[in-house]
Protein chains: 2
Amino acid sequence: MPEHSGTNFPTMVDVARLAGVSTATVSRYLSSPEAVKTKTRDKVALAIDSLGYTPNFGARAMAAKRTQTIGAIIPTMENAIFARGIQAFQEELIRHGYTLLVASSSYRQDIEEEQIRMLVARGADALLLIGYDRSQKTYQFLKERGVPILVAWVYQQDTPQLSIGFDNREAMAGLTREVLRLGHTRIGCISAFTDNNDRARERVVGISDAIKAFGLLPECLTVVQTTYSVESGGRALEQLMSKSEKPTVIMCGNDVLAVGALRKAKAMGFSVPRELSITGFDDIELATLTEPQITTVHVPHRKMGRLAARMIVDRLQGKPRRPSLKLKTDIRMRGTLAQAQKTPSGIGSR
Amino acid sequence: MPEHSGTNFPTMVDVARLAGVSTATVSRYLSSPEAVKTKTRDKVALAIDSLGYTPNFGARAMAAKRTQTIGAIIPTMENAIFARGIQAFQEELIRHGYTLLVASSSYRQDIEEEQIRMLVARGADALLLIGYDRSQKTYQFLKERGVPILVAWVYQQDTPQLSIGFDNREAMAGLTREVLRLGHTRIGCISAFTDNNDRARERVVGISDAIKAFGLLPECLTVVQTTYSVESGGRALEQLMSKSEKPTVIMCGNDVLAVGALRKAKAMGFSVPRELSITGFDDIELATLTEPQITTVHVPHRKMGRLAARMIVDRLQGKPRRPSLKLKTDIRMRGTLAQAQKTPSGIGSR
DNA sequence: AAGTGATTTGTAAGCTGTTACATTTTGAAA
DNA sequence: TTTCAAAATGTAACAGCTTACAAATCACTT
């Protein structure tokens, strides 16, 4: 009768016995093969192979107090905004022997908090978070548990956390300057909800900055807040364009909103960009698939993801701490932005 | 001096001591609170709360031999094909107390195999896989380790694995029947590479089926294989349309390819759908954002994700095994498919 | 051949839960 | 009150790996 019965898999003890070495040696072979003599190495490799051994993750995590797992919490998986960046992040992590665990928060702070706890509970060695906006309590929790975090998709100098991203405010201000130069004086803005979303907030502030610097009155700008979706972009546009003082340009918080706005504008019979200009943000693939293509702010998503992974890995390997990283964005002039219409402003509308 | 120093977190022993109970009781409180008396329950809850205790995932996994984790391996995260389905899958899993671990394979069998091993090594209780095509070795491995799998995005009756999905072949045949009814007799097809991709393969076969049933010759169909991307869809279209015998309709393996084909067709000066019809598959959001909107096969992604989660959870909870599930698809007639042009076929081209 | 420091390997003590089984407590019936 | 099954709780044996430290081996010197 078998000593151990049931559905048990080979363990390190089995491998050690077969190879004629101790479990310590097997463990060493697994985590730092170069510390094991070639001859021993071969014996162990053979034993592992012939038993089909795989180390037990739980046991490993418990003994080593690390999991080689990085957690990431993104606001949404459904639209492409984060997809490219996260994909690159994952690829780079894998290259360094780490695994990515992704969760999404649906842009809700309470869910994000829950997910953070979940990932920490699962032993994530570090976390990638999007944007700064979250409760002090959350930051405190992370600090207590000793879980390093990297804040991505934003860059701010004066924060305690390590971050990688771009200056949303300045990027949007840059695009606004182009808009203003083209003679637009009535600007509509479709933004995501700005509570708990620093990126959305800063983009709106960027528009204001540029307007002020250009010498126009703040009243030139009308902001509508909504959720991030094609549908709601359309509804917001409808709302903005049904006023008596119609904007000549709609600046959207991201490309998804811009696509919705564009589609609705066309459906309402506005000619884009002749009668109405539209801009986006992010430069996701979608922005080049519309007719006309969307003028937007290009963000180096893949690069950001890749560098984010490196920063985290370096951090975990105890390398000297790099400073936060600011990436450059640039404006992609495409078909939806043009000179403002010359028709007299106050007259004739409605 | 402290008995335990270092950066250690409270363990179950600490909770038990503070609450004045045994660790077994704490463990019971955590996994089946109803088995603990109200009074004890309160004591334990208080202790947990005041210590800020969180159970250690690794220890739990090791002791309980399950992780409440489900793994999923999808071909890609970058385009939206799987996003909605997986999102729904995750939502439903969370509702049942499970966590989702997602990995992607870039449509490569070797990478998928690697990811399967990784997820199994991490203790995934079950796996969601896309499509049937994988080596016997892989299936064998999964069986040996006793990890249940659910095959999604396809439905086939005569396979040993539990599956949920739709009949790709029949769905595409249905769309083809519409195409044929509109008088098209020269059909181009842009497919994903069909090795290791049953879905792509079956869709192509579906087209052939319909053509045969309609009484046309197999030569009516020209297939080009490529990777799944907007770019390559465009290149494939270029290839198909530079032949002397130009197709009057291009049937694409999915919407991403269709979008690429549509864009390139317009760029080449073909009027869609007057001179050239185009069809897609999947009905992702993108399909309604083009001009004209893409005629495609609608797949109930969210429903599939949700049901997949239920099937897996039921399975893990030992409920009676449900049979594989076949979901209905339907054709969304939109702007890119129209009557074939009446111009004589062989004459005049080139 | 002995000595020495470096390299390689072994020993054994954790790490933190779960759960089978044993024991105690509880509460209703006798 | 006593009795007894059911309910609640406790005891203790694991689970499989990592790693500090000890021991053995190796490669040179002298």
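In what follows, chains are A, B, ... by sequence order, proteins preceding strands, each numbered from 1.
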**OP:** Nearest whole angstrom, please: distance from the P of dT16(C) to the CZ of Phe9(B).
**Re:** 10 Å
**OP:** Please report, rounded to the nearest Å, how far the P atom of dT9(D) is from the NZ atom of Lys43(B).
**Re:** 8 Å
**OP:** Would you indicate what Val26(A) reaches in the nucleic acid, counting non-hydrogen atoms under 4.0 angstrom: base, sugar-phosphate, or nothing?
**Re:** nothing
**OP:** Check the distance between dT18(D)'s P and Arg60(A)'s CZ and give it to me in whole angstrom.
**Re:** 5 Å
**OP:** Looking at every strand, decide which applies to Ser27(B) at a 4.0 Å heavy-atom threshold: base, sugar-phosphate, or nothing.
**Re:** base
Original post:
Which nucleotide in the list dC17(D), dT18(C), dT11(D) gets nearest to the side chain of Ala63(A)?
Top reply: dC17(D)
Original post:
Rounding to a whole Å, what distance do you find between Met62(B):CE and dA13(D):P?
Top reply: 16 Å
Original post:
Should Ser22(A) be listed as having a side-chain N or O under 4.0 Å from OP1 or OP2 of dT11(C)?
Top reply: no
Subject >> Least distance between heavy atoms, Thr76(A) atom then Ser104(A) atom >> reply: CA-CB, 4.3 Å
**OP:** Give one of base, sugar-phosphate or nothing for Val13(B), where a contact means two heavy atoms less than 4.0 Å apart.
**Re:** nothing
Original post:
For Gly58(A) and Arg66(A), take the nucleotide of DNA chain D holding the closest heavy atom to each; which residue's nucleotide lies nearer the 5' end?
Top reply: Gly58(A)
**OP:** Let me see the working for Val44(B) and Val21(B) under side-chain contact (heavy atoms from CB on, under 4.5 Å), right down to the final yes or no.
**Re:** CA-CA 8 Å; Val44(B) 176; Val21(B) 300; 4.1 Å; yes
**OP:** Please work out if Phe57(B) contacts a base, only the sugar-phosphate, or nothing of the nucleic acid, heavy-atom cut-off 4.0 Å.
**Re:** nothing
Subject >> Close side-chain approach of Leu316(A) and Tyr98(A), heavy atoms under 4.5 Å >> reply: yes
Original post:
Rounded to whole angstrom units, what separation is found between the NZ atom of Lys39(A) and the C1' atom of dT25(D)?
Top reply: 12 Å
**OP:** Indicate, with a heavy-atom threshold strictly under 4.0 Å, whether Thr54(B) touches base, sugar-phosphate, or nothing.
**Re:** sugar-phosphate
Subject >> Among dT9(C), dT11(D), dA15(D), the nucleotide that comes nearest once only the side chain of Lys37(A) is considered >> reply: dT9(C)
Subject >> Atom-to-atom span, CZ of Arg28(B) to P of dT18(C) - whole angstrom >> reply: 11 Å
**OP:** Search all heavy atoms of Arg134(A) against all heavy atoms of Thr138(A) and return the closest pair with its distance.
**Re:** CD-CG2, 4.0 Å
Subject >> Separation of dG17(C) C1' from Lys65(A) NZ (nearest whole Å) >> reply: 13 Å
Original post:
Which residue lies toward the 5' end of DNA chain D, Ala24(B) or Ala59(A), if each is placed at its nearest nucleotide?
Top reply: Ala24(B)
Original post:
Under 4.0 Å between a side-chain N or O of Tyr29(A) and OP1 or OP2 of dC17(D)?
Top reply: no
Subject >> Length of the line joining Met12(B):CE and dG17(C):P, which is rounded to integer Å >> reply: 5 Å
Original post:
Looking at Arg310(B), Arg302(B), Arg84(B), which one forms a salt bridge (Lys or Arg N to Asp or Glu O under 4.0 Å) with Glu91(B)?
Top reply: Arg302(B)
